[in-house]
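For reference, the structure is listed below as structure tokens.
Worth saying up front: this structure is predicted, and the values here are computed from it rather than measured. In what follows, every chain begins at residue 1, and chains take the letters A, B, ... in the order their sequences are listed. Excluded from the calculations below are hydrogen atoms, water molecules and symmetry mates; all remaining heavy atoms, backbone and side chain alike, are included.
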Amino acid sequence: MGRLNVAALAFRSMALRRCIFSTFRSASTLKSKAASSKATDLYTLNKKLSDILRTGKLNEAKSMFDKMQQRNTVTWNSMINGYVKRREITKARKLFDEMPERDIVSWNLMISGYASCLGYKFLEEAKNLFDQMPRRDFVSWNTMISGYAKNGRMDEAVRLFESMPERNVVSWNAMITGFLHNGDMLSATEYFERMPERDSTSVSAFVSGLVQNGQLDEAARVLTEYGSRGNRRKDLVQAYNTLIAGYGQEGRVDDARRLFDQIPFNCNHRDGRNGEFEKNVVSWNSMIMCYVKAGDIFSARELFDQMNERDIISWNTMINGYVQISDMEEALNLFNMMPKPDNMSWNSMISGFAQVGRLELACDYFERMPQKNLVSWNSIIAGYEKNKDYKGAIKLFIQMQAEGEKPDRHTLSAVLSVCAGLVDLHLGMQIHQLVSKTVIPDVPIKNSLITMYSRCGAIIESRIIFDEMKSPKVVVTWNAMIGGYASHGFAMEALELFELMKRNKVQPTYITFISVLSACTHAGLVDEGRAYFKDMVSEYGIEPRVEHYASLVDNLGRHGKLEEAMDLIKSMPFDPDKAVWGALLGACRVHNNVELAQVAAEALMRLEPESSAPYVLLYNMYADVGLWDAAVEVREMMERNNIRKQAAYSWIDSSHY
DNA sequence: GTAGGGTTAG
């Protein structure tokens, strides 16, 4: 019995133990299930938080963050990341200081935040945190390196890079992009060649550097070399895109297209396969841009129509293409079709309408656009300036500042042109002061200053700015100064400067020759005028425009070479305009050539049926030589055509008289 | 679910 009892007892106790154990176990399972479900909840909530942050709704994210019952380090880090991405570093730092536990990601985020705020103070704080953090990984080092690189401190970046315990491919890439960012192609090349292994980012970055340096053929070579190695070839599409865009910049559309066609598949097209080396939307956009830049709007449109999925850049590029060829109808068919026009789309329409002289439509779009930005103001102001509504431009410029928008170099450049148009030296000088106070003057701004001063007669001021500009000067600068001299009767100075320009091996443009020919006219240099006209065509390959013909006709006419002027007009490959006939008519009046005057006047009557000027001039000429019948006939014709005498001869250069 | 390097426009 004793043994049995013992056995029974043992059995019972075992059962009991098992029972207790199993109860305990199930309780613990429950507990861990609860814990894991809470963890799942937190995971889901964190995911939701970062989704909200990705859409940029920072306030919404913050209120969710505040309401959350529990948070882990990832929660805090995500919120910090939100502020870091928005450059709200103070708010990020507050959370960082408040959070109960920091992990290495928290530290790295803060370093990244400080490093991407430009300025030495922020960089120093990034370095403080970097030095203070308990443990550093690749990300910490790489973030710090790129922080120095972004701030132009490649010396510090190199020091850090050299002192790293171990480097990965990102460290090398950060160095290469840093050098490129700071214009040090030599060091970038050295590092690219030295690095032990390259990934698609290394190649893309380096290719982009080569493209920016104009070394397109070298870029193509690098791309082929690494493209053929193969294993991660699909990531190279970015490098391809960069080179396509680079070819576009240089006008090498065929090379661009060859490269574009080399990217085999196409996620934008029905035969697209995910994950293959394939064209993406940027490839398409870049190629379309090449065509637009080359003025081949048809090919651009052909590609655009083939795209399955377009983004906002595709639409805007295409719209801009039509704006550039002043086809506002087509630009408008597209603007109305596109899903959600952004500022760029609206601004393109504004510039486009202004460019074709539809200022009222430009204004209408300017008023209607949902949110104006600086470019909108610049577009509308430049539009007013181009349409010679200078008072309107100034009004807008004042309104812009009243609405709290600060003018930039583009605004100021347009307003300087306004001052030139108004011949308002006082205002021009005020704008010049504003330029000195607010922007670092670049070449276009200085060109505008030269033009403004010379138009206002302050030619010495112009020349001072011109002389202070660094050599080699661009052709626009030479044109501005030569034009300034030419239009103010400093013909010899204009021609001297043109000779200097040639000695400086700067290729003149048609604009240069308008000034040069005009200078010859005003200096009484008829042989030189002829010779420059000839040089323009034979030596520089510039097709003469109507302005050049008008200028030479004017020059020849003034010197009594009316027959030669008439022969020149006859030789023109296109129809002469009112400036050409006006110049001839003016010369005929001075030199009393009635027959040619008749030809010129009739041509002008056809071109400008409402203008009284050719009638009046012809009448006076007939009267002067006593051809009274003809004079009376002109007068009758004028009455018959209901033409009233006007005060000014708009088509004749006033310097004739 | 959070951190580091590369592409297209006025």
Look at all strands and tell whether Ile313(A) reaches a base, only sugar-phosphate, or nothing, counting heavy atoms closer than 4.0 Å. base
For the side chain of Asn81(A) and the base of dT2(B), is some donor closer than 3.5 Å to an acceptor across the two? no
For Asn378(A) and Asn347(A), does a side-chain donor sit closer than 3.5 Å to a side-chain acceptor? no
Closest to the side chain of Ser204(A), out of dG6(B), dT7(B), dG4(B), is dG6(B)
Between the side chains of Asp261(A) and Arg257(A), is the shortest nitrogen-to-carboxylate-oxygen separation below 4.0 Å, so that they form an ion pair? yes
Donor + acceptor pair across side chains of Thr317(A), Asn285(A) (<3.5 Å): no
Which nucleotide, dT8(B), dG6(B), dG4(B), lies nearest any side-chain atom of Ser112(A)? dG4(B)
Mind checking Arg167(A) for me? I need base, sugar-phosphate or nothing, with any heavy atom below 4.0 Å counting as a touch. nothing
Run the salt-bridge test on Glu403(A) and Lys372(A) with the 4.0 Å N-O cut-off and return the result as yes or no. no
Check the orientation of Phe304(A) and Trp315(A). Use parallel for under 30°, tilted for 30 to 60°, and perpendicular for over 60°. perpendicular
Would you tell me if any nitrogen or oxygen in the side chain of Asn320(A) comes within less than 4.0 Å of OP1 or OP2 on dG10(B)? yes
Under 3.5 Å, is there a donor-acceptor pair linking the side chains of Ser202(A) and Asn173(A)? yes
From CZ of Arg257(A) over to P of dT8(B), roughly how many Å is that when rounded to an integer? 20 Å
Consider the side chain of Ala205(A), meaning its heavy atoms from C-beta on, and name the nucleotide among dG4(B), dG6(B), dT2(B) that approaches it most closely. dG6(B)
Just how far, in rounded Å, is C1' of dG4(B) from CE of Met110(A)? 16 Å
Which heavy atom of Leu412(A) sits nearest a heavy atom of Phe397(A), and at what distance? CD2-CZ, 4.5 Å
Rounded to whole Å, the CH2-P distance (Trp76(A) to dT2(B)) equals 19 Å
Looking at Lys150(A), does any N or O in its side chain come under 4.0 Å of the phosphate oxygens OP1/OP2 on dG5(B)? yes
Strictly below 4.0 Å, heavy-atom distances to any atom of DNA chain B: list the hits from residues 113-146 of chain A, or just say none. Asp137(A), Phe138(A), Val139(A), Asn142(A), Thr143(A)
Kindly say if Lys85(A) contacts the phosphate of dT2(B), meaning a side-chain N or O under 4.0 Å from OP1 or OP2. no
Separation of Phe161(A) atom CZ from dG5(B) atom C1', in whole Å? 12 Å
To the nearest angstrom, how far is Asp342(A) atom CG from dG10(B) atom C1'? 11 Å
